[in-house]
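Take a look at the structure set out below.
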Amino acid sequence: MTKPKVGFFGITGCAGCLLSFIFNEDEILDITNLVNLKAFPFIKEVNADDNFDIVFLEGLVASKEDLETLKKLRGNTKILVSLGACACTGCVPAYRHFTLKENYEHLLYEKRERIRDVEPTPIDAHVKVDYFIPGCPPNKKEILSFIKDLLLGKKPRQYTDPVCVECRRNNNLCLLDIGKPCLGPITLGGCNSVCTNGGFECWGCRGPTKDMNLDLMIKVLKEKGFDDKFIKDRMRTFAGLKLPVLERVINAKGNNAKPHNKD
Ligand code: SF4
Ligand code: SF4
Ligand code: SF4
């Protein structure tokens, strides 16, 4: 059997998604026996001009170079997988959309012109993406089972339930009930509720579920005493670009419980 040609690439990001895969040492060796790993930053030569069966791409588009690389990879692979929150939602770097440029432009120094090239955007804003593996960083087990499914000719499962489903299954105390601003009800699970298991609220790094009830989430947070600014900042940290209706919903009538600022 011909081994599928697989490439891992990164555009603007922190390399954390790629490293999360490397650190899974035992299983990565199993996988490399089954695939032809043609590109992996830090390990193998990375050449976007090669042809691939599957490309995993970390990072978001934030420069013309990113966009060129993305388009080249899309043209050179049969399957393109958006790897991690930056690629899937824009993540923290895309928060720039919601801040005043004057607050940060003095920090950009000589990179200013380059960074100004393209508004920070997830990769599906530019090209067709076949699969999404969200998270900051993604769950390494999910990456491996994704690859195994493809090798077995199965369609990889895309998780659709919210974090709350796994959180309940793990018998956690609900953090919303004790007044913490947990975004689990509107966030895609698949991380085994790793944050809430440890008592930390979910910040939404895996992006919103398709059928989320944003209106209800905002209402609950307001009832818990969080104000509009806090809610917007929290929801925009990882997935602001995937919540274009946030401003409208937050200002809607019926969502106006009396908040106090918890900043
Ligand atoms: S999703 Fe998180 S870990 Fe991955 S590149 Fe972006 S910031 Fe880094
Ligand atoms: S702690 Fe968060 S994720 Fe867990 S059940 Fe409560 S709201 Fe859902
Ligand atoms: S619990 Fe929320 S913030 Fe934590 S990894 Fe899962 S989706 Fe991301």
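Atoms within each ligand, like the ligands themselves, are counted from 1 in listed order. Count residues from 1 along the sequence.
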Per-atom contacts of ligand 3 with [X], taking only distances under 4.0 Å to non-hydrogen atoms:
{"X": "Arg206", "value": "7 (S)"}
{"X": "Trp203", "value": "3 (S)"}
{"X": "Cys195", "value": "1 (S), 3 (S), 4 (Fe), 5 (S)"}
{"X": "Thr187", "value": "7 (S)"}
{"X": "Val194", "value": "5 (S)"}

**OP:** Let me see the working for Asn197 and Asn172 under side chain to side chain donor-acceptor pair (under 3.5 Å), right down to the final yes or no.
**Re:** CA-CA 6 Å; Asn197 296 349; Asn172 294 326; 2.7 Å; yes
Nearest-neighbour protein heavy atom for [atom], which is reported as residue plus atom name and distance:
{"atom": "atom 6 (Fe) of ligand 3", "value": "Cys191 SG, 2.3 Å"}
{"atom": "atom 2 (Fe) of ligand 1", "value": "Cys136 SG, 2.4 Å"}
{"atom": "atom 5 (S) of ligand 1", "value": "Cys14 N, 3.3 Å"}

**OP:** Kindly say whether Phe238 contributes a backbone atom to a donor-acceptor pair with the side chain of Thr89 at under 3.5 angstrom?
**Re:** yes
Subject >> Any donor-acceptor N/O pair, Thr121 side chain to Glu119 backbone, under 3.5 Å >> reply: yes
Original post:
Closest approach of Asn139 and Cys191, non-hydrogen atoms and distance?
Top reply: ND2-CA, 4.1 Å
Subject >> Point-to-point distance, once rounded to the nearest 0.5 Å, from CD1 of Ile79 to CG of Asp130 >> reply: 6.5 Å
Give the atom numbers and elements of ligand 1 that come within less than 4.0 Å of a heavy atom of [X].
{"X": "Glu58", "answer": "5 (S)"}
{"X": "Cys17", "answer": "1 (S), 3 (S), 4 (Fe), 5 (S)"}
{"X": "Gly135", "answer": "1 (S)"}
{"X": "Ala85", "answer": "1 (S)"}

Subject >> Within-2.8 Å protein N/O/S contacts of atom 2 (Fe) of ligand 2 >> reply: Cys182 SG
Original post:
Between atom 4 (Fe) of ligand 3 and Cys205, is there an N, O or S atom separated by less than 2.8 Å?
Top reply: no
Original post:
So, Phe56 versus Phe146, ring centres under 6.0 angstrom or not?
Top reply: yes
Original post:
Does the ring centre of Phe52 sit less than 6.0 Å away from the ring centre of Phe8?
Top reply: no
For the pair [X] and [Y], find out whether any cationic side-chain nitrogen is under 4.0 Å from an anionic carboxylate oxygen.
{"X": "Asp233", "Y": "Lys229", "result": "yes"}
{"X": "Glu223", "Y": "Lys219", "result": "yes"}
{"X": "Lys5", "Y": "Asp53", "result": "no"}
{"X": "Lys72", "Y": "Asp50", "result": "no"}

Original post:
Would you find more than 12 non-hydrogen atoms of other residues, nucleotides or ligands less than 6.0 Å from Phe200 atom CZ?
Top reply: no
**OP:** Please state whether Pro138 comes within less than 4.0 angstrom of ligand 1, counting heavy atoms only.
**Re:** no
**OP:** For residues 201-213, pull every pair meeting salt bridge (Lys or Arg N to Asp or Glu O under 4.0 Å), keeping only residues two or more places apart or in separate chains.
**Re:** Glu142-Arg206, Glu201-Arg234
